[in-house]
Amino acid sequence: MTETATLTRPLRLGPLEVPVPVVLAPMAGITNVAYRTLCREQAERGADEVTGGERRPAGLFVCEMITSRGLVERDPKTLSMLGFDRGETVRSVQLYGVDPVYMGRAADILCGEFGVTHVDLNFGCPVPKVTRKGGGGALPWKRDLLAAILTATVKAAGRHGVPVTCKTRMGIDADHLTYLDAGRIAEDSGVAAIALHGRTVAQSYSGEADWESIARLVDHVDIPVLGNGDIWEAADALRMVEQTGAAGVVVGRGCLGRPWLFSDLAQAFLGRRSTALPTLGEVAATVRRHAELLAEVMGEERGLTDLRKHMAWYFKGFPVGGDVRRGLGTVSSMADLDAQLATLDPSEPFPESELGAPRGRRGNPRTKVALPEGWLDDTCGVELDLAAAEDDVSGG
């Protein structure tokens with residue numbers, strides 16, 4: 001290990017102070033309470049190695065995105081997603097919606113009934129079924145609607161002393177950028193920080209993230225800016241902060257199958273860079289812990305079924321045979337998992353070829369973004385009825 005000076009100050013969001021300025025991005029079907037707990041444990045372990053337990057919370061770990069209508073209308077699926085571990089001293093939830101009234105009511109419910117202490121708003125989803133109805137990454141084009149949603153949510157959460165942040169993309173495409181206006185509107189609306197994914201909706205997750213846009217937003221606003229995009233290792237996070245002046249980073253796909261990345265990030269931001277990589281045995285132990293957490297929340301059978309989708313990420317690059325991979329991908333009980341893990345060579349080193357490699361979905365850029373008819377004709381949308389943009393979105 002090599003000692004270095006701490007590169008950043010704590011992230012301050014209203015009354016919240018986060019000594020490790022790292023945010024786990026909410027991911028549908030991934031960042032349930034079990035995975036958040038696993039990532040948080042890793043982050044706290046890394047922070048403890050440097051500070052002896054004095055720097056907590058060691059990041060923000062955001063619940064899966066839920067919809068405002070699903071919450072206000074008490075949709076059972078939405079309500080079931082609002083589970084928290086007792087160790088989550090900061091209850092962080094990402095809220096999605098397109099109507100200021102519903103967003104305000106939803107924020108009030110989150111803070112007043114569920115004890116949520118940080119609300120994040122999503123204006124970056126690139127999925128066509130969402131953007132074609134005016135939601136997600138398409139919505140910031142309608143500047144007045146964006147302002148109305150932010151203002152209503154900040155006001156509602158503010159009654160509980162809860163800070164609101166938001167996340168957006170650079171814009172719809174290279175010819176229709178919105179992020180600088182979105183930053184100004186967010187600041188004027190009282191938002192505590194804004195996260196920018198350095199890609200447009202048209203890019204989705206393809207190509208490379210434009211970190212220069214993050215730097216431009218940092219120069220454009222006085223509120224903290226969090227950088228998102230292409231953070232695969234702790235060194236990437238430090239480099240992003242150094243290059244852009246961002247107050248912290250948001251990590252999504254980079255942690256898939258690698259929850260220990262949060263330990264590396266905590267150590268890096270607190271001044272120590274770790275070069276240790278987990279052996280296959282240590283990865284197996286992490287998988288076992290993940291299974292335990294899922295079983296506690298969902299029950300053994302359902303929890304092990306949920307774990308299956310993580311297996312390819314956990315063992316990516318390791319020399320694990322096809323039969324074992326198939327077995328790991330079909331586990332249905334703790335005993336079955338233990339039997340499969342027992343076949344692995346615990347001394348097998350981590351495949352260095354995977355370091356810095358993109359993870360998760362990438363896809364191809366789109367030549368045309370799906371939008372409502374006439375969406376780009378003007379930037380006004382506060383009178384529009386976009387309720388359909390919340391249909392078929394994860395979380396109700």
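This structure is a prediction, so every number in the text was calculated from the model and none was measured.
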Query - Chi angles and distances behind the side chain to side chain contact (heavy atoms under 4.5 Å, CB included) call for Leu13, Leu60 - result: CA-CA 11 Å; Leu13 305 174; Leu60 285 178; 3.7 Å; yes

Query raised in the report: When rounded to the nearest 0.5 angstrom, what is the spacing between SG in Cys63 and CE in Met27?
Result: 12.5 Å

Requested in this report: Kindly indicate, with the supporting measurements, whether the criterion ring-ring contact (aromatic ring centres under 6.0 Å, His included) is fulfilled by Tyr96 and Phe123.
Outcome: CA-CA 8 Å; Tyr96 167 76; Phe123 300 103; 7.9 Å; no

Report task. Salt-bridge test for Asp75 and Arg69: reply yes if a basic N is under 4.0 Å from a carboxylate O, no otherwise. Result -> no

Requested in this report: Rounded to the nearest 0.5 Å, what's the gap from CG on Leu145 to CG on Leu139? Could you check?
Outcome: 4.5 Å

Query raised in the report: For the side chain of Asn228 and the backbone of Val250, is there at least one donor-acceptor N/O pair under 3.5 Å apart?
Result: yes

Query raised in the report: Are Arg169 and Tyr205 in a cation-pi setup, meaning NZ or CZ lies under 6.0 angstrom from the ring centre and within 45 degrees of the ring axis?
Result: yes

Query raised in the report: Atom CH2 in Trp141, atom SG in Cys380: separation rounded to 0.5 Å?
Result: 11.5 Å

Report task. Would you check, one step at a time, whether the test side chain to side chain contact (heavy atoms under 4.5 Å, CB included) holds for Lys142 with Leu386? Result -> CA-CA 12 Å; Lys142 303 298 186 182; Leu386 302 177; 6.0 Å; no

Report task. Determine whether Val23 and Val20 fall in the same hydrophobic cluster, where Ile, Leu, Val, Met, Phe, Trp and Tyr are linked whenever their side-chain heavy atoms lie under 4.5 Å apart. Result -> no

Report summary line: Leu238 and Ala268 have their tightest heavy-atom pair at CD1-CB, 3.9 Å

Query raised in the report: Can you name the closest pair of heavy atoms from Gly137 and Pro140 and give their distance?
Result: O-CD, 3.5 Å

Query raised in the report: For Glu17, does the CD atom sit with more than 12 other heavy atoms under 6.0 Å from it, leaving out its own atoms?
Result: yes

Query raised in the report: Side chain of Thr279, backbone of Pro346: donor and acceptor closer than 3.5 Å?
Result: yes

Report task. Quick one: do Met334 and Glu292 satisfy side chain to side chain contact (heavy atoms under 4.5 Å, CB included)? Show the steps, please. Result -> CA-CA 8 Å; Met334 295 298 289; Glu292 291 172 356; 3.9 Å; yes

Query raised in the report: Do Tyr102 and Thr67 touch side chain to side chain, with heavy atoms closer than 4.5 Å?
Result: no

Query raised in the report: Would you find a donor on one side and an acceptor on the other, under 3.5 Å apart, between the side chain of Glu187 and the backbone of Asp222?
Result: yes

Query raised in the report: Do Tyr314 and Leu294 belong together in a cluster built from hydrophobic side chains that touch within less than 4.5 Å?
Result: yes

**Report entry** Non-hydrogen side-chain atoms of Asn32 and Asp306 separated by less than 4.5 Å
**Finding:** yes

**Report entry** Cationic N near anionic O, under 4.0 Å, Arg105 to Glu73
**Finding:** no

Query raised in the report: Is the shortest heavy-atom distance from the side chain of Val62 to the side chain of Leu24 under 4.5 Å?
Result: no

Query raised in the report: What's the shortest heavy-atom distance between Gly227 and Ala246, and which atoms?
Result: N-CB, 4.0 Å

Report task. Give a yes or no answer on whether the side chain of Ser92 reaches the backbone of Phe61 with a donor-acceptor pair at less than 3.5 Å. Result -> no

Report summary line: dist Ile231:CD1 -> Cys255:SG (nearest 0.5 Å) comes out at 11.0 Å

Query raised in the report: For the hydrophobic clusters of this structure (ILVMFWY residues joined by side-chain heavy atoms under 4.5 Å, transitively), does one cluster hold both Leu226 and Val93?
Result: no

**Report entry** Donor-acceptor contact below 3.5 Å, side chain Asp144 vs main chain Val382
**Finding:** yes

Query raised in the report: Checking Glu301 side chain against Ser332 main chain: does a donor-acceptor pair fall under 3.5 Å?
Result: no

Query raised in the report: Short question: side chain of Arg216, backbone of Leu180 - any donor-acceptor pair under 3.5 Å?
Result: no

Query - Charged N-O contact under 4.0 Å between Asp236 and Arg239 - result: yes

Requested in this report: For atom CZ of Arg302, decide whether the heavy atoms of other residues, nucleotides or ligands shown that lie under 6.0 angstrom number more than 12.
Outcome: no

Query raised in the report: Does a side-chain heavy-atom distance below 4.5 Å link Val119 with Cys111?
Result: yes

Requested in this report: Would you give the length of the straight line joining atom CD1 of Ile172 to atom OG1 of Thr200, rounded to the nearest 0.5 angstrom?
Outcome: 9.5 Å

Report task. Classify the ring geometry between Trp260 and Phe350 as parallel (under 30°), tilted (30 to 60°) or perpendicular (over 60°). Result -> perpendicular

Report task. May I have the step-by-step check of side chain to side chain contact (heavy atoms under 4.5 Å, CB included) for Leu71 and Leu79, ending in yes or no? Result -> CA-CA 7 Å; Leu71 182 57; Leu79 297 178; 3.8 Å; yes

**Report entry** Distance (rounded to the nearest 0.5 Å) between Leu277 CG and Arg258 CZ
**Finding:** 8.0 Å

Query raised in the report: Between Trp313 and Leu293, is there a shared hydrophobic cluster once you connect ILVMFWY residues whose side-chain heavy atoms come closer than 4.5 Å?
Result: yes

Report summary line: The complete set of ring pair (Phe, Tyr, Trp, His ring centres under 6.0 Å) pairs with one or both residues in residues 9-49, sequence neighbours excluded, reads Tyr35-His290, Tyr35-His310

**Report entry** Side-chain donor or acceptor of Arg325 paired with backbone N/O of Val320 under 3.5 Å
**Finding:** yes

Query - Main-chain N/O of Phe114 paired to Arg91 side chain as donor or acceptor, under 3.5 Å - result: yes

Query raised in the report: Does a salt bridge link Glu41 with Arg45, judged by any charged N lying under 4.0 Å from a carboxylate O?
Result: no

**Report entry** Nearest heavy atoms of Ala291 and Leu307, plus distance in Å
**Finding:** CB-CD2, 3.8 Å

Requested in this report: Decide, yes or no, whether a salt bridge links Lys316 with Glu354 under the criterion of side-chain N to carboxylate O below 4.0 Å.
Outcome: yes

Query raised in the report: Are Leu261 and Val241 grouped together when hydrophobic residues (ILVMFWY) are joined by side-chain heavy atoms under 4.5 angstrom apart?
Result: yes

Query raised in the report: At their closest point, which heavy atom of Val331 faces which heavy atom of Gln340, and how far apart are they?
Result: CG1-CG, 4.1 Å

Report task. Might you point out which heavy atoms bring Ser333 and Asp336 nearest each other, and give the distance in Å? Result -> OG-N, 3.0 Å

Report task. For the pair Arg253 (side chain) and Pro358 (backbone), establish whether a donor and an acceptor sit closer than 3.5 Å, ignoring hydrogens and angles. Result -> no

